Structures are given as structure tokens and as C-alpha cells.
Amino acid sequence: ERSRVPIFIESDIAGGVAATAAAFELAVRRGVDVPRAEYLYGTALACADDVAGETYLRAAIDHARAAGDISTEFLAANNLISYHESSADPAAGRAVCAEFIDRAGALGLGEWQQSFEVVLHNLDFHAGDYPRVLAAEDLLDRVREARARDELLEAYCLTLVDVGRIDEALRRIDAGSSAMSQDPRGRLQATWVRIEAALWGGRPQLAVELSDQLIEDTSEGDP
């Protein structure tokens, strides 16, 4: 579990892979919490852009489901989709999304269901399917989990910028940023929208100033 620190805070991906590899080996040898260790190892490999990450995350999903470990199953699915969104096969990511929207609904896990719907709209955004992203406006009003709402608001506002509705994008991010996560990630997302709006709205100097601010506020080594 401590591997999250080198991976997501210190940007020491190699350290995270080494730690989770050792944990997975130990879990298998002792027969304790194997799906959990498998998920953490697969996550580290995915962050390292290692294709083996997909194999371990898919196995963690199946093994966690067999063990009745819902939390690990859904976390592994979320990270498998993120892997496909970032560097692999978006179509495969969409398939996992669809699978887990249905599974979350069947289990009555509303927040998880909404989170996977948000991830699906992120994939729509990356594919340039702007009508589908803009159709998610009602989901913005319904989504409960804070980080998922941040992700959807960012994609929604960037879509508004890309289709030329820049003033609307700025109104949206200004109105919504106070509700975004008040941490480095949430602030980065709000600033990124403002940078894109400034760049494409004909204010390049402001875009440079905001970019400098964002870089200064970002930890060294953060991808």
C-alpha cells in the first residue's frame, strides 16, 4: 500500500515497481491478499508504461471478483481504463467502462457507476466526440464523488474551449473551481482550463503567465 507514495507523490516509478513486485511475490508465497498485491503491482507497471500492467490488472479484477473483494476489483478496473486512456487501446478502455458501469449498477454502487460514466466521457473527449461530452451536462449536476466531478468539469470546459465557446468555459470553471478538490491536482485542472481558454481566446501572454504558475506549483519530476 505504501507504493502509492513513490508512484503518485514522489514520481519514483521505478521505486514503486520494485516495491510492488516484492509485495506481490510475498503475497503469492504466503497466500495472503494476492488480488490486492496483484492490483498494486499492475498499477505500478501501468504507470511505468509496461504492457504487463494490463495483464496484472485484468488478473487482479478476475481474482478479486472471485474472492468477493469488491474494492480491489473496482480499483483495478479503474486503473486498467486509465492505462488504456493514456497509452494503449482506447477501445479496450471503453469496453472495461461499459462492463463496470453495468456491474456497479447491478450491485447498487451509485458513486462507482457515476465514476465510470465520467471516465467514459473522458474517453469521448480524447476521441474528439464533443457532442457526447457536452451531453454529459446533466451528469455534472449528479456526480457525487469529488475527483470524478473534477475530471468531468475539466473535460467539459476544455470541450467548450475547443468548440469556440471560450467565455462559457471560463464562466463554468470560475463557478465550479471552488467546488473542485482543493489540492494540487484540483488546482492544476482549473488552471489548465484557464490556460487553454487564454491561448485560444487570443490572450497568449496570460497563457504564458498561467503556465509559468502551473509549472512552479508542480512538484519536480511530476510527468
Side-chain angles (χ1 to χ4, degrees), residues 8 11 46-47 49 78-98 101 111-223:
F8 297 111
S11 300
C47 289
D49 291 330
N78 183 75
N79 290 1
L80 178 58
I81 296 165
S82 294
Y83 168 71
H84 284 303
E85 179 183 5
S86 298
S87 58
D89 183 354
R94 295 187 71 88
V96 179
C97 266
I101 288 170
E111 285 194 18
W112 267 117
Q113 186 174 24
Q114 288 179 342
S115 292
F116 283 113
E117 289 174 359
V118 168
V119 175
L120 188 58
H121 285 300
N122 277 341
L123 291 166
D124 292 333
F125 170 74
H126 291 307
D129 192 343
Y130 293 152
R132 284 184 60 88
V133 179
L134 295 176
E137 185 172 11
D138 70 308
L139 183 59
L140 267 173
D141 297 329
R142 293 186 290 108
V143 67
R144 296 170 57 88
E145 201 276 317
R147 192 68 72 188
R149 187 179 186 280
D150 291 353
E151 295 288 340
L152 184 57
L153 182 61
E154 179 189 25
Y156 190 88
C157 289
L158 290 174
T159 295
L160 290 174
V161 171
D162 283 357
V163 299
R165 293 159 61 179
I166 293 170
D167 290 344
E168 185 179 349
L170 287 170
R171 286 196 299 271
R172 284 275 185 171
I173 202 65
D174 288 344
S177 59
S178 61
M180 296 180 77
S181 301
Q182 298 303 303
D183 58 20
R185 177 64 186 170
R187 290 191 295 272
L188 182 151
Q189 289 174 285
T191 303
W192 181 249
V193 170
R194 294 187 177 103
I195 290 170
E196 288 286 286
L199 177 63
W200 297 106
R203 304 180 68 190
Q205 183 58 45
L206 177 59
V208 170
E209 292 168 4
L210 290 170
S211 296
D212 287 341
Q213 172 192 321
L214 187 149
I215 292 169
E216 185 175 335
D217 292 343
T218 303
S219 61
E220 185 177 353
D222 188 324

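Every value quoted in this text rests on a predicted model; they were computed, and no experiment measured them.
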- Shortest non-hydrogen pair, D129 vs R132, comes out as OD2-CD, 2.9 Å

- Message: If you define the side chain from C-beta out and look only at heavy atoms, does anything of E145 sit under 4.5 Å from Q114?
- Response: no

- Under-4.0 Å salt bridge between R185 and E151: yes

- How many angstroms lie between CD in E154 and CG in N122, if you round to the nearest 0.5 Å? 7.5 Å

- Message: I'd like to know if the side chain of D150 and the backbone of S181 have a donor-acceptor N/O pair within less than 3.5 Å.
- Response: yes

- Message: Let's go through E117 and R142 carefully: what are the C-alpha distance in whole Å and the side-chain angles of both, what is the deciding distance for side-chain contact (heavy atoms from CB on, under 4.5 Å) to 0.1 Å, and is it a yes or a no?
- Response: CA-CA 11 Å; E117 289 174 359; R142 293 186 290 108; 4.3 Å; yes

- Message: Once rounded to the nearest 0.5 Å, what's the spacing between atom CG of D89 and atom OH of Y83?
- Response: 9.5 Å

- Item | Lys/Arg-Asp/Glu bridge criterion (N-O < 4.0 Å) met for E209, R203 | no

- Item | Value rounded to 0.5 Å, distance of CD1 in I81 from OG in S115 | 10.0 Å

- Task: Could you give me the CA-CA distance, side-chain angles and deciding distance for L160 and L134, then say whether side-chain contact (heavy atoms from CB on, under 4.5 Å) is met?
- Result: CA-CA 8 Å; L160 290 174; L134 295 176; 3.8 Å; yes

- Where is the tightest heavy-atom contact between R147 and G186, given as atom of each residue plus distance? NH1-N, 3.9 Å

- Task: Enter the distance from Q189:CD to L158:CG here, rounded to the nearest 0.5 Å.
- Result: 9.5 Å

- Got L214 and L210 here, is their nearest side-chain heavy-atom distance under 4.5 Å? no

- Query: With side chains defined as the heavy atoms from C-beta onward, is the minimum distance between R194 and D174 less than 4.5 Å?
  - Reply: yes

- Task: Compare all side-chain heavy atoms of I173 with those of M180 and state whether any distance is below 4.5 angstrom.
- Result: yes

- Item | Rounded distance [0.5 Å steps], CG in L199 versus CG in L206 | 10.0 Å

- Evaluate the criterion side-chain contact (heavy atoms from CB on, under 4.5 Å) for residue pair R94 and D124; output intermediate values, then yes/no. CA-CA 9 Å; R94 295 187 71 88; D124 292 333; 2.7 Å; yes

- Interatomic spacing from CG in L188 to CH2 in W192 - rounded to 0.5 Å: 8.5 Å

- Item | Close side-chain approach of V133 and L152, heavy atoms under 4.5 Å | no

- Under the side-chain contact (heavy atoms from CB on, under 4.5 Å) rule, what do C97 and L123 come out as? Steps first, then yes or no, please. CA-CA 10 Å; C97 266; L123 291 166; 4.2 Å; yes

- Under a 4.5 Å cut-off applied to non-hydrogen side-chain atoms, are L140 and R172 in contact? yes

